[in-house]
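Since this is a predicted model, take the numbers as computed values, not measurements. In listed order, ligands and their atoms are each counted from 1.
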Amino acid sequence: MRAAVYRADGVLSVEEVETPSPGPGEVRVKVTVSGVNPTDWKSRGSGAEFQVPNQDGAGVIESVGEGVDPGRVGERVWLYLAAYQRPWGTAAEYTVVPAEQAVPLTAPDDLGASLGVPALTAHFCLLADGPVEGRTVLVPGGAGAVGHAAIELGKWAGARVISTVSSEEKAELARSAGADAVVNYHDDDAAEQIRAAAPDGVDRVVEVALDANLALDLDVVAPHAVITSYAASPDTEAVVPVRRLMGPGIVLRFMLLYTIPRDALRAAVQDVGRAVDVDALTTLPVHRFPLDRVADAHDAVEGGAVGKVVIDIP
Ligand SMILES: NC(=O)c1ccc[n+]([C@@H]2O[C@H](COP(=O)([O-])OP(=O)(O)OC[C@H]3O[C@@H](n4cnc5c(N)ncnc54)[C@H](OP(=O)(O)O)[C@@H]3O)[C@@H](O)[C@H]2O)c1
């Protein structure tokens, strides 16, 4: 099969490689669309011996391993964590994943390939501390992949959602996702604008930039709010004004999708499937690349492309 591959030097190439076979409990999926996330280019620094990149994708189950219902052959699926501790990411004609990581898909392939990392991350940040129905959620960076999913999942879960962005173009994306209020975080009065939209304070923050935003978050949170931080570069450090968190009992939570508890991951997969089934999730504007341009697709994500970068697999 044709596959994008990198090795210890992290350099991407497109090669002819042996098609993997599904082992017990696994399925082989003919990939149609591979989704690209920041983790995919960042992982190229891992020193892997042989790695097909990209965690997310959509496709059709083409064969099953021992113990998997053969009735699943032909099923359209979305894929998550395909490349986590496994060599067979989705940037290839075929991938092999544990059967539960190929989830029935009723929506278009582009949406299927956009769900895994962003929507599962957003779900955990929103809901790890209980339901958000009737609560207020702040989503900094609502035009980002995780932010967009957090707005849509937050609305699906019954929350009022406020988002911050850095431009009018991004504000429009956050509004289209369903944000009830959108604030430019560069505005001097950003905290006042958020407080005007949430007079009782926000209960959850799905935080993309804790170091930059903690002061703003603390200006707008309600007592006992949870701020979940999901993004950082290796050298990110945040200064925590301890007493300001102690009084109102604010929880600072950190998460990495790869290490969240298995039951939380399963709950996220189920909820994301339910949200897709009622058309509550959509794709950001899509930037398409052919498999031969996988390196350009990774560069686009690394360069901060606004929208969803996907790779079409012929
Ligand atoms: N912990 C995990 O498991 C996990 C899972 C998924 C992603 N991540 C990480 O999360 C980050 C975002 O991922 P993504 O796929 O959503 O990326 P993305 O699509 O590039 O979105 C990032 C968004 O963050 C916004 N942003 C940056 N600084 C901000 C600030 N100070 N306040 C508000 N918004 C800000 C950006 O817009 P502006 O620059 O215009 O503000 C952009 O819209 C990446 O670093 C990724 O590696 C971690």
message = Assess, by modelled atom type and distance only, whether the side chains of Asp203 and His224 contain a donor and an acceptor separated by less than 3.5 Å.
response = no
task = State if His148 counts as touching ligand 1 under the rule of any non-hydrogen atom under 4.0 Å.
result = no
task = Please identify which atoms of ligand 1 are closer than 4.0 Å to at least one heavy atom of Val146.
result = 6 (C), 7 (C), 16 (O)
ask   = Of the listed options (Ala143, Pro140, Gly141, Ser114), which comes nearest to atom 25 (C) of ligand 1 when hydrogens are ignored and any heavy atom counts?
value = Gly141
Geometric cation-pi criterion, Arg7 with Phe50: 6.0 Å, 45° = no
key: For Leu257, atoms of ligand 1 separated by under 4.0 Å from a heavy atom   = 2 (C), 3 (O)
query = Using a distance-only test with no angle check, is there a side-chain donor-acceptor pair under 3.5 angstrom linking Asn37 and Thr39?
reply = no
ask   = What is the nearest protein non-hydrogen atom to atom 22 (C) of ligand 1, stated with its residue, atom name and distance?
value = Gly144 CA, 4.1 Å
Sub-4.0 Å atoms of ligand 1 with respect to non-hydrogen atoms of Ala209 = 30 (C), 31 (N)
inquiry  = If the threshold is 4.0 Å, N to carboxylate O, is there a salt bridge linking Asp219 and Arg244?
reply    = yes
inquiry  = Which residue and atom name correspond to the protein heavy atom nearest atom 45 (O) of ligand 1, and how close is it?
reply    = Lys42 NZ, 2.9 Å
query = So which heavy atom in the protein is nearest atom 33 (C) of ligand 1, and how far is it from that ligand atom?
reply = Tyr185 CE2, 3.2 Å
Ala231, Ala212, Gly116: member with heavy atom nearest to atom 9 (C) of ligand 1 = Ala231
task = Look at Glu172 together with Arg175 and state whether they make a salt bridge at an N to O cut-off of under 4.0 Å.
result = yes
task = Evaluate the 4.0 Å heavy atom contact test for atom 20 (O) of ligand 1: does a protein atom fall under the cut-off?
result = no
query = Tyr94 and Val31: same hydrophobic cluster, using ILVMFWY side-chain contacts below 4.5 Å?
reply = no
query = Just checking, any donor-acceptor pair under 3.5 angstrom between side chains of Ser46 and Ser43?
reply = no
task = Check each heavy atom of Asn213 against ligand 1 and say whether those closer than 4.0 Å belong to the side chain, the backbone, both or neither.
result = side chain
request  = Indicate yes or no: does an N/O atom of Leu256 lie under 3.5 Å from an N/O atom of ligand 1?
outcome  = no
query = Cut-off 3.5 Å, side chains only: do Gln193 and Tyr185 have a donor facing an acceptor?
reply = no
Single-linkage hydrophobic cluster, 4.5 Å side-chain cutoff, Val161 and Val202 together = no
task = Identify, for atom 36 (C) of ligand 1, the protein heavy atom at the shortest distance, and state residue, atom and that distance.
result = Lys170 NZ, 4.1 Å
ask   = How far is atom 1 (N) of ligand 1 from its nearest protein heavy atom, and which residue and atom is that?
value = Tyr230 O, 2.6 Å
request  = Do me a favour and list the nearest non-hydrogen protein atom to atom 6 (C) of ligand 1 with residue, atom name and distance?
outcome  = Val117 CG1, 3.4 Å
remark   = min-distance protein heavy atom vs atom 24 (O) of ligand 1 -> Val208 CG2, 3.7 Å
request  = Could you point out which residue of Leu218, Leu138, Val206, Asn213 forms a side-chain contact (heavy atoms from CB on, under 4.5 Å) with Ile227?
outcome  = Leu218
request  = Determine whether the side chains of Thr32 and Asp109 contain a donor N or O and an acceptor N or O closer than 3.5 Å.
outcome  = yes
inquiry  = With heavy-atom distances below 4.0 Å as the criterion, list the atoms of ligand 1 near Ser166.
reply    = 38 (P), 40 (O), 41 (O)
key: Protein residue, atom and distance nearest to atom 13 (O) of ligand 1, heavy-atom basis   = Pro38 CG, 3.8 Å
